[in-house]
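What follows is a short report on a single structure.
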Amino acid sequence: MSGPSDLAVETHGLTKVFSGRPAVDGIELSVPVGSTYGFLGPNGSGKTTTIRMLLGLLSPTAGSWRLLGREMPGAAMSTLPEVGALVEGPAFYPWMTGRENLERFDSMGPGRPSRSRRARIDDALARVGLTAAAGKKYKAYSLGMRQRLGLASALLVPRRLLVLDEPTNGMDPQGTREIRNLVRELATGGTTVFLSSHLLSEVEQVCSHVGVMHRGKLLAQQSLSDLLASAAPRLRAEVDQPEEAAQVLSGLGLDDVLVAGRQVSGGLAGVPPELCCRALVEAGIGVRMLVPEQVSLEDAFVALTGEGFDVAG
Ligand SMILES: Nc1ncnc2c1ncn2[C@@H]1O[C@H](COP(=O)(O)OP(=O)(O)O)[C@@H](O)[C@H]1O
Ligand SMILES: [Mg+2]
């Protein structure tokens, strides 16, 4: 059991209705302190709407939420300074350079002595890999560079919680890797990171916990390892008598047994792979290879939603 103070984000029945249609439908988020939580879902599933509500940028139609254990929006003034955020379209001036924008941003924040401003900004720029482009005007920035600057503005002061809406949006693979490393580094430093993504692989690589959004509903919420364990693993084998092997495996209780060339595969359905191996060999079948397949987050997502993951969406 976790108490309220163990949760960095907690929602109850959080709902947003736009013109009669729920964009976010009664979600119950529990984001453990210290976790890196991937808020995963295809485009249009309600991630940004949720994040805007969490940050007090949009009023919920119904429901309640807590950030860092404090009831929102009542505690916004005391809580939000401890929460760094990256949401769509942060207010940067196009004619200012990246550094000038950060200077302006920093000067507006509470408790930021101007004496240490330069060091704070240098550090934030370096962390997001924007040092070399700091003197360029914002309007000349690519989408990826704008994302980096948004992230830098969230990192000017230490935060207990970071809420990032699709932080790698518009970034090339190199930028994506850098953000991934940055998120890991922040998490190691004890910051709870709540990040939304429509990219399964991104969440799979960096997150300790996952919430799966689908059409405004939170379908599942677990540690990544529990979620992967809950998806049915499959066994794949390469054998000299595939049809016979399929019969043996079906007989053992594997489901959805398929043959493709010399390969045979099936859902393990709780049957230990060792048992499959022994049964095949005892049936006189030559086994060249036998592997319990790694279940991917995509498999888990498809199992949960009954739909493929719409990457292009
Ligand atoms: N301001 C708005 N007015 C009306 N509908 C909106 C508004 N913002 C979002 N929506 C709708 O809410 C749904 C969820 O959108 P969004 O939260 O942006 O999803 P995601 O971030 O997962 O892509 C979509 O159907 C979207 O069209
Ligand atoms: Mg979005």
Side-chain angles (χ1 to χ4, degrees), residues 1-16 22-41 45-88 90 150-151 153-155 157-168 179 182-198 202-204 206-214 216-227:
M1 279 301 289
S2 51
S5 56
D6 302 330
L7 297 175
V9 179
E10 184 184 4
T11 72
H12 292 292
L14 195 67
T15 300
K16 183 68 189 183
V24 175
D25 197 353
I27 67 173
E28 310 276 323
L29 286 173
S30 298
V31 178
V33 164
S35 65
T36 304
Y37 187 107
F39 193 45
L40 181 68
S45 57
K47 303 182 300 295
T48 297
T49 304
T50 301
I51 285 177
R52 294 179 69 83
M53 287 192 283
L54 293 179
L55 296 170
L57 299 169
L58 187 69
S59 304
T61 308
S64 63
W65 79 106
R66 285 169 165 264
L67 293 186
L68 301 170
R70 292 172 222 143
E71 197 70 36
M72 297 288 286
M77 290 296 273
S78 64
T79 307
L80 290 180
E82 295 182 275
V83 180
L86 174 69
V87 267
E88 277 163 33
L151 207 45
S153 72
L155 295 175
V157 288
R159 311 286 198 174
R160 288 171 63 201
L161 170 65
L162 275 177
V163 178
L164 311 175
D165 193 14
E166 308 251 5
T168 61
I179 297 304
L182 178 62
V183 166
R184 288 202 186 103
E185 189 186 307
L186 289 161
T188 308
T191 305
T192 306
V193 184
F194 180 88
L195 68 91
S196 77
S197 180
H198 67 282
E202 185 167 294
V203 167
E204 195 159 18
V206 80
C207 293
S208 63
H209 290 70
V210 188
V212 178
M213 285 293 281
H214 190 246
K217 292 204 153 75
L218 186 67
L219 291 188
Q221 172 174 245
Q222 281 175 303
S223 73
L224 181 62
S225 52
D226 285 353
L227 182 64

Determine, step by step, whether L155 and L186 satisfy the side chain to side chain contact (heavy atoms under 4.5 Å, CB included) criterion, reporting the C-alpha distance in whole Å, the side-chain angles of both residues, the deciding distance to 0.1 Å, and the verdict.
CA-CA 10 Å; L155 295 175; L186 289 161; 3.9 Å; yes
Polar side chain donor-acceptor pair, Q222 to H209, under 3.5 angstrom:
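Short answer, no.
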For residues [X] and [Y], determine if any side-chain heavy atom of one lies less than 4.5 Å from a side-chain heavy atom of the other.
X: Y37; Y: V9; answer: no
X: F39; Y: L218; answer: yes
X: L29; Y: T50; answer: yes
X: P167; Y: V183; answer: no

What's the verdict on side chain to side chain contact (heavy atoms under 4.5 Å, CB included) for E28 and H12, showing C-alpha distance, side-chain angles and the deciding distance?
CA-CA 5 Å; E28 310 276 323; H12 292 292; 3.0 Å; yes
Which residue, L54, L67, L162, forms the side chain to side chain contact (heavy atoms under 4.5 Å, CB included) with F194?
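That would be L54.
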Between L80 and M72, is a side chain to side chain contact (heavy atoms under 4.5 Å, CB included) present by the stated rule, with each step listed?
CA-CA 10 Å; L80 290 180; M72 297 288 286; 4.0 Å; yes
Kindly say whether [Y] contributes a backbone atom to a donor-acceptor pair with the side chain of [X] at under 3.5 angstrom?
X: R184; Y: C207; value: no
X: K47; Y: M213; value: no
X: T49; Y: G46; value: no
X: T15; Y: D25; value: no
X: T36; Y: S208; value: no

Could you give me the CA-CA distance, side-chain angles and deciding distance for H198 and E166, then say whether side-chain hydrogen bond (donor to acceptor under 3.5 Å, both in side chains) is met?
CA-CA 8 Å; H198 67 282; E166 308 251 5; 2.7 Å; yes
